[in-house]
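Take a look at the structure set out below.
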Amino acid sequence: VLALLTLLSFASRFHRLPEPPHVCWDETHFGKMGSYYINRTFFFDVHPPLGKMLIGLAGYLSGYDGTFPFQKPGDRYEQHNYMGMRGFCAFLGSCLVPFAYLTVLELSKSLPAALLTACILIFDTGCITLSQYILLDPILMFFLMGAVLSMVKCNACADRPFSASWWFWLSLTGVNLAGAMGVKFVGLFVVLLVGLNTIYDLWDLLGNLSLSLVMFGKHLLARVLCLILLPLALYTAMFAVHFTVLNKSGPGDGFFSSAFQSQLIGNNLHNVSVPEHLAYGSVVTMKNLRMAGGYLHSHWHLYPEGVGARQQQVTAYLHKDLNNLWIIKKHDSDTDLSDPSSPVEFVRHGDIIRLEHKETSRNLHSHQHEAPLTRKHFQVTGYGINGTGDSNDFWRIEVVGRKPGKLIKVLRSQVRLTHVATGCLLGSSGKTLPKWGWEQVEVTCTPYLKDTPNSLWNFEDHINPKLPNISLDVLKPSFAEILLESHMVMIRGNSGLKPKDNEVTSKPWHWPINYQGLRFSGVNETDYRVYLLGNPVVWWLNLFTIGLYLLTAISTAVALKRGVQLSSELKELSRVVLHGGGQIALGWLLHYLPFFMMGRVLYFHHYFPAMLFSSMLTGITWDTLLKFFARFLSPSTAARRVYGGGILALVLLIVYSFYLFHPLSYGMIGPMASDPSSPMAGLRWMDSWEF
C-alpha cells in the first residue's frame, strides 16, 4: 500500500512538470537566489539560507549554469536547464504523502486512516501546485513532516529507551528541526510542537517512581543533546556554509554593516585603502548603525503637499547609489576645498559642519515641521541652491566616547549629528515611507537626546585625494558578529514586508475556507494558466472535520472523566482520539493561530503547513468515528461493510473532485471560468476564485 501511494504521489507531482516553460510566481525570487549561490554572489533574503542553498545545489548538479536572470514571471527559460530545480522541489513535495501515511499509521494503528490521509494529500490540487515549482514551501514542509514523523516514531520507542532505534529517531527529529528552521522562520512552530511533546514526555517520566533520578537525568541530557544542541550546531553550520559560498559583492551588501561588507570580493570596501581621518572637502557616505538602517540619501523628488515643508526628500536607502554621496563643508565658509593647493583641515569632535548633497547641491537641513511618519520628530530635507542655504543647515558632529578636538575616523568612529538650531539628533526611524518616498526608510531629527543605533552613524566611503590611505582589513568581524547581524537584518526585513502593486494578499481566516487562490501563471485566454487553490472538497472536508474532532474529543474526555465503562476496543479508540488526534490538532493550532498576530503581509500559501496537519486529523477522525458507529451494527459483516464503505466513499469523493479540478494544477488554456463557454465555468463555486 505504501509503495502504491508513494508511486501515485510521485506521478501526480511529476506529471507535466516542465509546463509551463517559463518563470511562475515566486520562482522569480528563489530561482534567482539559487543562481546567486552558483555564482557565489551575496544577496539578502528575509528567510534563513538552507532552502535557497539546496535549490542552488540541485541546479548546479543538474547542469544549470546560473546565468538565467529570473527577472519577472512569464520570462521563458529557453535553453536554460530549470528541470533540476523543479524536479528537486517536486521530489520533496512527493515525500509528504508517505511521511503523512506513516505518521497517521503510527498514531492510529489503522491502515484505512493512513490511506485516507494519503489520498487527501495526493489528490489536493493545492499541494500538487505548490510542489511543482522552484519554491521554499515543499522544502519547508518536507523537513516539517520529517520532524513530526521522527517525533512520533521516537515516542513509539518509549518502551525501549536508549536503544539504537530510539537514538536514531531522536537524532533524526533534531536534524529535521534544524532543516525546518533553516528554510523559514515559521519552522519555529514545529520546534514548539516537538518541545511541548518533549516536556510532556519528561513530566511523565518524572512521575514514574520506578525510574531513578539518575536515569531521568540521562533522559533529559539525551533530549538536550539531540533536540537542542544538535539542531543549533546544524543551523549554525548552514550559515557558515552560506557566508563561505557567497563571498562576492552583490545586491544584498547595503543591508549589512560596513565591517561585514569589507569581506565581500568586489565590494568597494574589500581590500580597499581609504583616508583614515575625516577632512573638510571630503566626499563621504554615511551609514546608519541601526540594523539595515541604510545610507543617508537624497534625490530630486520633493515631499508631497501636506507632508511638512515641500522641500527635497532626505531618506535612508539600503543600496549603494550615487545619491548617497555628501560633501563635508565648513558651516561658515564656501571656499573650494577641492583645490589641491589649499591646506588640509581635519574635521574634529565638536565642529559645526554643513553636509552638501553631491548630486543636487542642496544642504542637509531640518526645521520644526513634523516628520512624515514619526510623531514629535522633526522633518529632515535638502535645502538651498548650490550649497547656499540658511542656519538650519548647520550640524554639530560628535564622536561617541571621545573628547572635543579629537579627529574622526572613517568606519570606526560612531558619530551623532546634532542640529544646531533645534538641538535634535539626525536619525533613521526604520519606518518605510509610502510610494511617494520610493518605499525608502524615513530619516528624522529626534528631540529625544539618547544614543541609540537609530541616531548613530559611521562614515563608510571616503574620497579625498589630498589624504594618504590606510587598509581596512582590521575591521573584519567575527563569525558570531556576522551571525547575529544577519538575524537582526532578516527579522527587520520580515516585519517590514509590504504587498506589491496588484498583488493578491489574504487574511488568515480566508485560508481554511479556501476563499481565494493565487495566480501562478497566465492572466488571459491565450496564456497557460495555473492557479493555486486547494481541492475544495478536500479543504471543506478538513474544515468540517476540525469541528467534528473537537466535539468527539470533548465527548470522549467527558465520558472518561465521568467513569463510563468502555470496552477494550473503545478504550483504544479514545486513546487514538485524545492522544494521537490531540498531537495533530495541536500541530494545526501551532501552525495556524500565530498568523493572526503577525503584522507582515500574508499569502494563501502560508496555510499549507497547517493544512498537512488538518489532513492527518481528517484521516484519524473519520476512521475513528466510522469504527465507533460500525461496532453498534450486527452481524460483524454489516459493520465491516459500513466501515469499509464509509472510507471508500470518502476516497472516491476526493478522487472525483480531483478529476473535476485538476486543470487548476496542470494548466488551463481557453475561455476564463467567468465565461459560460469555459469548461471550468460550472466549477467556479465562489466568486472570489479567479481562475
Side-chain angles (χ1 to χ4, degrees), residues 13-39 41 43 45 47 51-52 55-56 58-59 62-90 93 125-126 128-139 251 435 439 497-506 516-533 601 603-606 661-675 678-680 684 688-691:
R13 271 65 177 168
F14 279 85
H15 178 60
R16 302 190 74 169
L17 189 63
E19 299 293 330
H22 60 242
V23 177
C24 294
W25 195 53
D26 270 359
E27 284 189 325
T28 186
H29 298 304
F30 302 119
K32 185 187 296 179
M33 290 167 188
S35 298
Y36 284 144
Y37 278 105
I38 293 170
N39 297 316
T41 304
F43 66 94
D45 185 43
H47 306 300
K52 284 97 63 180
I55 287 170
S62 61
Y64 170 60
D65 58 5
T67 56
F68 185 72
F70 285 97
Q71 286 182 333
K72 64 184 186 301
D75 287 353
R76 296 188 70 81
Y77 286 114
E78 303 295 349
Q79 78 281 5
H80 294 276
N81 187 354
Y82 62 100
M83 280 300 294
M85 293 182 283
R86 275 196 187 172
F88 170 70
C89 293
T125 49
I128 291 171
T129 305
L130 212 57
S131 298
Q132 288 195 311
Y133 299 93
I134 306 167
L135 302 171
L136 296 185
D137 302 272
I139 309 174
K435 287 185 173 51
E439 296 182 345
L497 284 175
K498 298 281 190 294
K500 305 177 189 73
D501 287 336
N502 303 317
E503 192 171 39
V504 178
T505 61
S506 60
Q516 189 176 32
L518 275 168
R519 282 200 192 100
F520 263 45
S521 171
V523 291
N524 57 49
E525 292 189 8
T526 57
D527 286 340
Y528 186 96
R529 299 192 303 280
V530 175
Y531 191 68
L532 176 67
L533 186 75
V601 61
Y603 303 99
F604 176 51
H605 70 101
H606 287 139
F661 286 95
H662 75 274
L664 296 179
S665 296
Y666 297 133
M668 303 167 279
I669 295 175
M672 307 293 270
S674 52
D675 186 333
S678 167
M680 300 296 288
R684 195 162 175 259
S688 52
W689 295 350
E690 299 172 319
F691 55 78

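Note that this is a predicted model, so its numbers are computed, not measured. Numbering starts at 1 and runs along the sequence shown.
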Heavy-atom pair of closest approach, residues [X] and [Y]:
X	Y	result
Leu135	Ile55	O-CD1, 4.0 Å
Ser131	Gly93	OG-CA, 3.5 Å
Gly66	Ser35	O-CB, 3.8 Å
Pro20	Val530	CD-CG2, 4.3 Å
Asn81	Ser62	ND2-O, 2.5 Å
Phe604	Leu532	CE2-O, 3.7 Å

Tell me whether [X] contacts the main-chain N or O of [Y] through its side chain, where contact means a donor paired with an acceptor under 3.5 Å.
X	Y	result
Gln132	Glu19	no
Arg529	Gly670	yes
Ser521	Tyr528	yes
Tyr82	Pro18	yes
Asp75	Lys72	yes

Any side-chain heavy atom of [X] sitting closer than 4.5 Å to one from [Y]?
X	Y	result
Leu664	Met680	yes
Tyr133	Asp26	no
Gln516	Glu690	yes
Arg76	Pro21	yes
Thr67	His80	yes
Pro251	Phe43	yes
Pro73	Phe520	no
Glu27	Arg86	yes

Legend entry - Side-chain donor-acceptor pair present, Thr129, Tyr531, cut-off under 3.5 Å: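 Note: Thr129 and Tyr531 side chains miss the donor-acceptor criterion.
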Inset, instruction - Take His606 and Tyr603, measure what side chain to side chain contact (heavy atoms under 4.5 Å, CB included) needs, and give me the verdict at the end. - result: CA-CA 6 Å; His606 287 139; Tyr603 303 99; 3.8 Å; yes
Inset, instruction - Decide if the gap between the ring center of Phe70 and the ring center of Tyr77 is smaller than 6.0 angstrom. - result: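 Yes, ring centres under 6.0 Å apart.
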Hey, what do you get for [atom1] ([X]) to [atom2] ([Y]), rounding to the nearest 0.5 Å?
X	Y	atom1	atom2	answer
Leu130	Arg13	CG	CZ	10.0 Å
Glu78	His22	CD	NE2	12.0 Å
Tyr666	Leu17	OH	CG	10.0 Å
Ser665	Arg16	OG	CZ	11.0 Å
His47	Ile139	NE2	CD1	11.0 Å
Arg684	Leu533	CZ	CG	11.0 Å

